[in-house]
**Q** 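Sharing a structure with you now.
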Amino acid sequence: MYDVVVVGAGPAGSMAAKKAADAGCKVLLVEKMQLPREKSCSGILIKKSINTVEKEFGKIPHNLPCKTKNKGIVLTNEENKEFKFESEGLNVWRSSFDQWLSLVAEDSGVELRQSTSVISCEEKEDHVVVKLNCNGTYYEKTKVMIACDGATSKIKRSLGRGQNNQIITYQTFCRGTIDLDGSFFYAFLDPKFSQYDAWFNVKDDFLVFGVGVKEVSLIKNYHSRFLSFLASEFNAKIQSSVRGEMGILPCVMPGYGTDMGKGRVLFAGEAANFLNPMGEGISGALITGAMAAESAVSLFEDNLNINNLVDLYKNRVADEKEYMIRQWKFLTKLSPRFSYLNK
Ligand SMILES: Cc1cc2nc3c(=O)[nH]c(=O)nc-3n(C[C@H](O)[C@H](O)[C@H](O)COP(=O)(O)OP(=O)(O)OC[C@H]3O[C@@H](n4cnc5c(N)ncnc54)[C@H](O)[C@@H]3O)c2cc1C
């Protein structure tokens with residue numbers, strides 16, 4: 001019997017697993033992929049993410065971030081007004097960053113099981129039965145489960161929870177030149193270029209161009225319209241397009257509900273619907289992962305009734321949720337489009 005089984009070795013999962021292991025729990029962290037695994041992401045670590053991660057995991061190794069640092073975000077709204085927010089951050093490849101997190105968690109006593117999928121879970125009176133698959137199906141038992149399995153959470157579905165609306169993302173990694181400052185992340189909110197946002201940033205030697213849509217059939221049209229705009233406005237010259245990748249974001253808006261879990265199963269990160277504007281989700285994932293683990297630990301230490309677990313967790317994340325809602329409301333002031341985008 002584990003104290004805590006954590007599903008998914010992204011930022012939320014490795015944080016939850018490490019925090020629980022540091023508090024003396026017997027922890028299993030299950031990841032369906034072999035690490036390092038790719039995760040479609042711009043990889044910007046804002047100051048809040050850096051501080052949260054370094055507090056629990058120690059200094060980020062100096063050779064882990066990309067050559068390009070991040071100095072902030074430049075947002076252009078649908079009326080072509082530009083807003084610049086300066087703040088020092090880092091830029092990482094998620095494959096290396098997430099692998100580092102999981103290895104530090106393992107060093108803290110977490111049992112990491114890779115290439116293993118959690119298929120579903122079933123709550124019993126005093127534990128959760130977890131169904132796993134790795135060349136065959138088998139089961140584990142845990143007192144508490146923390147689902148950190150991202151925007152398309154299978155665990156949520158297996159518990160009959162509603163699925164979030166989703167935004168499909170597509171970004172291409174290109175060689176070329178552009179008259180924009182590669183140390184900033186540029187977001188464009190004009191609906192001509194996306195059904196959510198379109199973005200440009202630099203990662204190592206790549207120019208990265210991305211768009212988010214609700215209707216996947218339109219994704220390449222939006223992407224090429226965005227590239228034409230960057231070519232005419234910012235002199236973008238693409239020599240070669242090296243690769244393209246798709247991703248998924250939960251469609252989070254002000255007023256959108258978070259879902260923190262049910263009974264002995266807590267959700268964290270994107271599985272709980274935590275995402276800040278312009279797709280910044282690593283800070284929320286780290287923070288909710290930590291708080292989910294703290295809630296489980298205080299349940300064990302204070303010998304509380306299991307019915308208190310989700311409420312304990314909701315209380316802990318209340319400030320982070322407020323912060324996220326404030327951020328979205330702020331965005332609707334800069335871009336009125338975001339206040340009705342989801343209707
Ligand atoms: C295009 C794009 C750009 C982004 N850019 C940024 C950015 O620059 N900065 C930022 O802060 N955020 C960014 N985000 C958001 C960020 O990637 C997410 O918010 C963050 O990764 C959420 O972390 P998580 O731990 O909740 O989930 P994830 O990082 O999605 O991790 C979930 C993990 O669970 C595993 N998993 C899933 N199902 C199972 C299962 N059944 N069994 C076992 N394992 C499972 C997955 O393989 C994965 O490793 C971006 C997202 C996209 C799509």
**Q** Can you find a pair of side-chain heavy atoms, one from Phe206 and one from Val242, that are under 4.5 Å apart?
**A**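 A side-chain contact under 4.5 Å exists here.
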
**Q** Do you know the tightest heavy-atom contact between Ile50 and Leu45?
**A**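 Taking every non-hydrogen atom into account, CD1-O, 3.6 Å.
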
**Q** Are Leu180 and Phe200 packed together at the side-chain level, in the sense that at least one heavy-atom pair is separated by less than 4.5 angstrom?
**A**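 With C-beta onward as the side chain, the pair touches.
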
**Q** Could you state the interatomic distance from OG (Ser183) to CD (Glu88), rounded to the nearest 0.5 Å?
**A**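 One gets 8.5 Å once the value is rounded to the nearest 0.5 Å.
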
**Q** Same cluster or not: are Leu189 and Ile73 linked, directly or through other Ile, Leu, Val, Met, Phe, Trp or Tyr residues, by side-chain heavy atoms under 4.5 angstrom apart?
**A**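 Same cluster.
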
**Q** Would you please name every residue forming a side chain to side chain donor-acceptor pair (under 3.5 Å) with Gln34, sequence neighbours left out?
**A**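 Once residues adjacent in sequence are excluded, the partners of Gln34 under the side chain to side chain donor-acceptor pair (under 3.5 Å) criterion are Gln114, Ser115.
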
**Q** Measuring from atom OG of Ser49 to atom CD of Glu54, what distance do you get when rounded to the nearest 0.5 angstrom?
**A**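 The OG atom of Ser49 sits 11.0 Å away from the CD atom of Glu54.
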
**Q** Count the heavy atoms belonging to other residues, nucleotides or ligands that lie under 6.0 Å from CG of Asp107, then report whether that count exceeds 12.
**A**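 Enclosed.
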
**Q** Check whether Glu280 reaches the backbone of Ser283 with its side chain - one donor and one acceptor, N or O, closer than 3.5 Å.
**A**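 Judged by distance alone, yes, a pair lies under 3.5 Å.
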
**Q** As a quick check of understanding, evaluate side-chain hydrogen bond (donor to acceptor under 3.5 Å, both in side chains) for Glu78 and Ser335, giving each step before the final call.
**A** CA-CA 7 Å; Glu78 59 271 47; Ser335 166; 2.8 Å; yes

**Q** According to a hydrophobic-cluster definition based on side-chain heavy atoms being under 4.5 Å apart (Ile, Leu, Val, Met, Phe, Trp, Tyr only), do Leu299 and Met291 belong together?
**A**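 Yes; tracing contacts between hydrophobic side chains, which count when under 4.5 Å, links both residues.
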
**Q** Are any of the side-chain heavy atoms of Phe330 and Gln327 separated by less than 4.5 Å?
**A**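 A side-chain contact is absent here, since even the closest heavy-atom pair is not under 4.5 Å.
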
**Q** Do the rings of Phe193 and Phe226 sit parallel, tilted or perpendicular, given the 30° and 60° boundaries?
**A**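 If you compare the ring of Phe193 with that of Phe226, the planes turn out tilted.
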
**Q** Any sub-3.5 Å donor-acceptor pair from Ser108's side-chain atoms to Val104's backbone N or O?
**A**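 Side chain of Ser108 to backbone of Val104: a pair is present.
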
**Q** Decide whether Phe234 and Leu207 are clustered together by the hydrophobic rule: side chain heavy atoms of Ile, Leu, Val, Met, Phe, Trp, Tyr closer than 4.5 Å, transitively.
**A**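 The answer is yes; both residues are in one hydrophobic cluster.
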
**Q** Which pairs count as salt bridge (charged side-chain N to carboxylate O under 4.0 Å, His left out) when at least one residue sits in residues 176-202, sequence neighbours excluded?
**A**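 Every salt bridge (charged side-chain N to carboxylate O under 4.0 Å, His left out) pair that includes a residue of residues 176-202, provided the two are not neighbours, is Asp190-Lys192.
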
**Q** Salt bridge or not for Asp3 and Lys26, using N-O below 4.0 Å?
**A**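 The answer is no: the pair does not qualify as a salt bridge.
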
**Q** Between Ile167 and Ile248, does the side-chain contact (heavy atoms from CB on, under 4.5 Å) criterion hold? Intermediate values first, please.
**A** CA-CA 6 Å; Ile167 298 294; Ile248 289 180; over 6 Å; no

**Q** With a 3.5 Å cut-off and no angle check, do the side chains of Glu320 and Thr288 form a donor-acceptor pair?
**A**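 Absent: no donor and acceptor within the cut-off.
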
**Q** Just verifying a value: how many Å separate Thr52 OG1 and Ile287 CD1, rounded to the nearest 0.5 Å?
**A**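 If we round to the nearest 0.5 Å, Thr52:OG1 and Ile287:CD1 are 4.0 Å apart.
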
**Q** A quick test of your reading: do over 12 heavy atoms of other residues, nucleotides or ligands sit less than 6.0 Å from NZ of Lys39?
**A**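 It does: Lys39 NZ has more than 12 such atoms within range.
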
**Q** Is the number of heavy atoms from other residues, nucleotides or ligands within 6.0 Å of CG (Asn80) greater than 12?
**A**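 No, because the 6.0 Å sphere around CG of Asn80 holds 12 heavy atoms or fewer from other groups.
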
**Q** Let me check something: do Met278 and Tyr170 share a hydrophobic cluster, defined by ILVMFWY side-chain heavy atoms less than 4.5 Å apart, either directly or through other members?
**A**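 No, Met278 and Tyr170 fall in different hydrophobic clusters.
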
**Q** Do you know which two heavy atoms are closest between Leu266 and Ala292, and how far apart they sit?
**A**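 Between these two residues, the closest heavy atoms are CD1-O, 3.6 Å.
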
**Q** Do any N or O atoms from the side chain of Ser153 and from the backbone of Gly150 form a donor-acceptor pair under 3.5 angstrom?
**A**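 Side chain of Ser153 to backbone of Gly150: no pair is present.
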
**Q** Would you find a donor on one side and an acceptor on the other, under 3.5 Å apart, between the side chain of Ser14 and the backbone of Pro11?
**A**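 Not confirmed, Ser14 side chain does not pair with Pro11 backbone.
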
**Q** Is the side chain of Glu215 donor-acceptor paired with the backbone N or O of Ser217 at a distance under 3.5 Å, no angle test?
**A**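 No, the answer is negative, given that no donor and acceptor are paired below the 3.5 Å cut-off.
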
**Q** Salt bridge or not between Glu82 and Lys84? Use side-chain N to carboxylate O under 4.0 Å.
**A**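 Looking at Lys84 together with Glu82, the answer is no, because their closest N to O distance does not fall below 4.0 Å.
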
**Q** Any idea how Phe188 and Tyr186 line up, ring-wise: parallel (<30°), tilted (30 to 60°), or perpendicular (>60°)?
**A**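 Parallel.
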
**Q** Return each pair, listed once, that meets side-chain hydrogen bond (donor to acceptor under 3.5 Å, both in side chains) where at least one residue sits in residues 61-76; pairs must be two or more places apart or across chains.
**A**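 Applying side-chain hydrogen bond (donor to acceptor under 3.5 Å, both in side chains) to every pair that reaches into residues 61-76, excluding sequence neighbours, yields Lys67-Asp205.
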
**Q** With rounding to the nearest 0.5 angstrom, report the CZ to NZ distance, Phe267 to Lys156.
**A**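 The distance works out to 6.0 Å.
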
**Q** Examine the side chains of Lys203 and Asn201 and answer whether a donor and an acceptor come within less than 3.5 Å of each other.
**A**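 No.
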
**Q** Check whether any side-chain heavy atom of Ser117 sits under 4.5 Å from a side-chain heavy atom of Leu132, and report yes or no.
**A**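 With C-beta onward as the side chain, the pair stays apart.
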
**Q** List the steps and the verdict of side-chain contact (heavy atoms from CB on, under 4.5 Å) for His127 and Thr142.
**A** CA-CA 6 Å; His127 66 275; Thr142 182; over 6 Å; no

**Q** Looking only at atom types and distance, does a side-chain atom of His223 sit under 3.5 Å from a main-chain N or O of Gly212, one as donor and one as acceptor?
**A**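 Here the side-chain-to-backbone pair does not exist.
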
**Q** List the steps, then state whether side-chain contact (heavy atoms from CB on, under 4.5 Å) holds for Val5 with Val30.
**A** CA-CA 7 Å; Val5 168; Val30 185; 4.2 Å; yes

**Q** Once you round to the nearest 0.5 Å, how far does CE of Met260 lie from CZ of Arg316?
**A**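 These two atoms lie 12.0 Å from each other.
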
**Q** Return yes if a side-chain donor-acceptor contact under 3.5 Å exists between Asn276 and Trp328, otherwise no.
**A**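 Checked: Asn276/Trp328 side chains show no N/O donor-acceptor pair below 3.5 Å.
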
**Q** Does Lys19 pair with Glu294 as a salt bridge, N-O distance under 4.0 Å?
**A**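 Glu294 and Lys19: salt-bridged.
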
**Q** Please confirm whether the backbone N or O of Thr116 pairs with a side-chain atom of Asn133, one donor and one acceptor, at under 3.5 Å?
**A**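 Looks like no, no N/O pair under 3.5 Å.
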
**Q** Test your reading of the model: is there a side-chain donor-acceptor pair from Gln195 to the backbone of Lys214, 3.5 Å cut-off?
**A**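 Between the backbone of Lys214 and the side chain of Gln195 there is a qualifying donor-acceptor contact (under 3.5 Å).
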
**Q** Kindly compute the distance separating CD (Glu79) from CG (Leu334), expressed to the nearest 0.5 Å.
**A**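 It comes to 11.0 Å.
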
**Q** Is the shortest side-chain heavy-atom distance between Cys41 and Ile282 below 4.5 Å?
**A**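 Yes, their side chains come closer than 4.5 Å.
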
**Q** For Phe57 and Trp100, run side-chain contact (heavy atoms from CB on, under 4.5 Å): C-alpha distance rounded to whole Å, both residues' side-chain angles, the deciding distance at 0.1 Å, then the answer.
**A** CA-CA 9 Å; Phe57 287 74; Trp100 172 69; 3.8 Å; yes

**Q** Mind checking whether Val7 and Asp149 have side chains closer than 4.5 Å, heavy atoms only?
**A**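 Yes, at least one pair of side-chain atoms sits under 4.5 Å.
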
**Q** Do Ser298 and Asp302 pair up side chain to side chain, a donor and an acceptor below 3.5 Å, judged on atom types alone?
**A**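 No.
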
**Q** Which atom names give the shortest non-hydrogen contact between Arg264 and Asp126, and what distance separates them?
**A**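 In this case the closest contact between Arg264 and Asp126 is NH2-CA, 3.2 Å.
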
**Q** Answer yes or no: is there an ion pair linking Arg113 with Glu140, defined by an N-O contact shorter than 4.0 Å?
**A**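 Judged by the 4.0 Å cut-off on N to carboxylate O distance, Arg113 and Glu140 do form a salt bridge.
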
**Q** Any carboxylate oxygen within less than 4.0 angstrom of a Lys/Arg side-chain nitrogen, looking at Glu38 and Arg94?
**A**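 Arg94 and Glu38: not salt-bridged.
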
**Q** Check whether Phe300 forms a cation-pi arrangement with Lys143 (NZ or CZ under 6.0 Å from the six-membered ring centre, at most 45° off the ring normal).
**A**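 Yes.
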
**Q** Side-chain heavy atoms under 4.5 angstrom apart, residues restricted to Ile, Leu, Val, Met, Phe, Trp, Tyr: same cluster for Val53 and Val110?
**A**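 Per the 4.5 Å side-chain linkage, Val53 and Val110 are not co-clustered.
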
**Q** I'd like to know if the side chain of Glu111 reaches the main chain of Leu28, judged simply by a donor and an acceptor atom lying under 3.5 Å from each other, with no hydrogens or angles considered.
**A**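 Looks like no, no N/O pair under 3.5 Å.
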
**Q** Where the side chain of Lys154 meets the backbone of Val118, is there a donor-acceptor pair that is under 3.5 Å apart?
**A**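 Not a single qualifying donor-acceptor pair exists.
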
**Q** Does a side chain donor of either Thr258 or Lys321 reach within less than 3.5 Å of an acceptor in the other side chain?
**A**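 Yes, because at least one side-chain N or O of Thr258 sits under 3.5 Å from a partner of the opposite role on Lys321.
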
**Q** For Ser42 and Asn91, which heavy atoms make the closest approach, and how far apart are they?
**A**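 The pair with the smallest heavy-atom distance is O-OD1, 3.4 Å.
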
**Q** Any idea which heavy atoms bring Gly281 and Leu275 closest together, and the distance?
**A**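 Closest approach of Gly281 to Leu275, heavy atoms only: CA-CD1, 3.7 Å.
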
**Q** Of the non-hydrogen atoms in Ala151 and Pro250, which two are nearest, and what is the gap between them?
**A**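 In this case the closest contact between Ala151 and Pro250 is CB-CD, 3.7 Å.
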
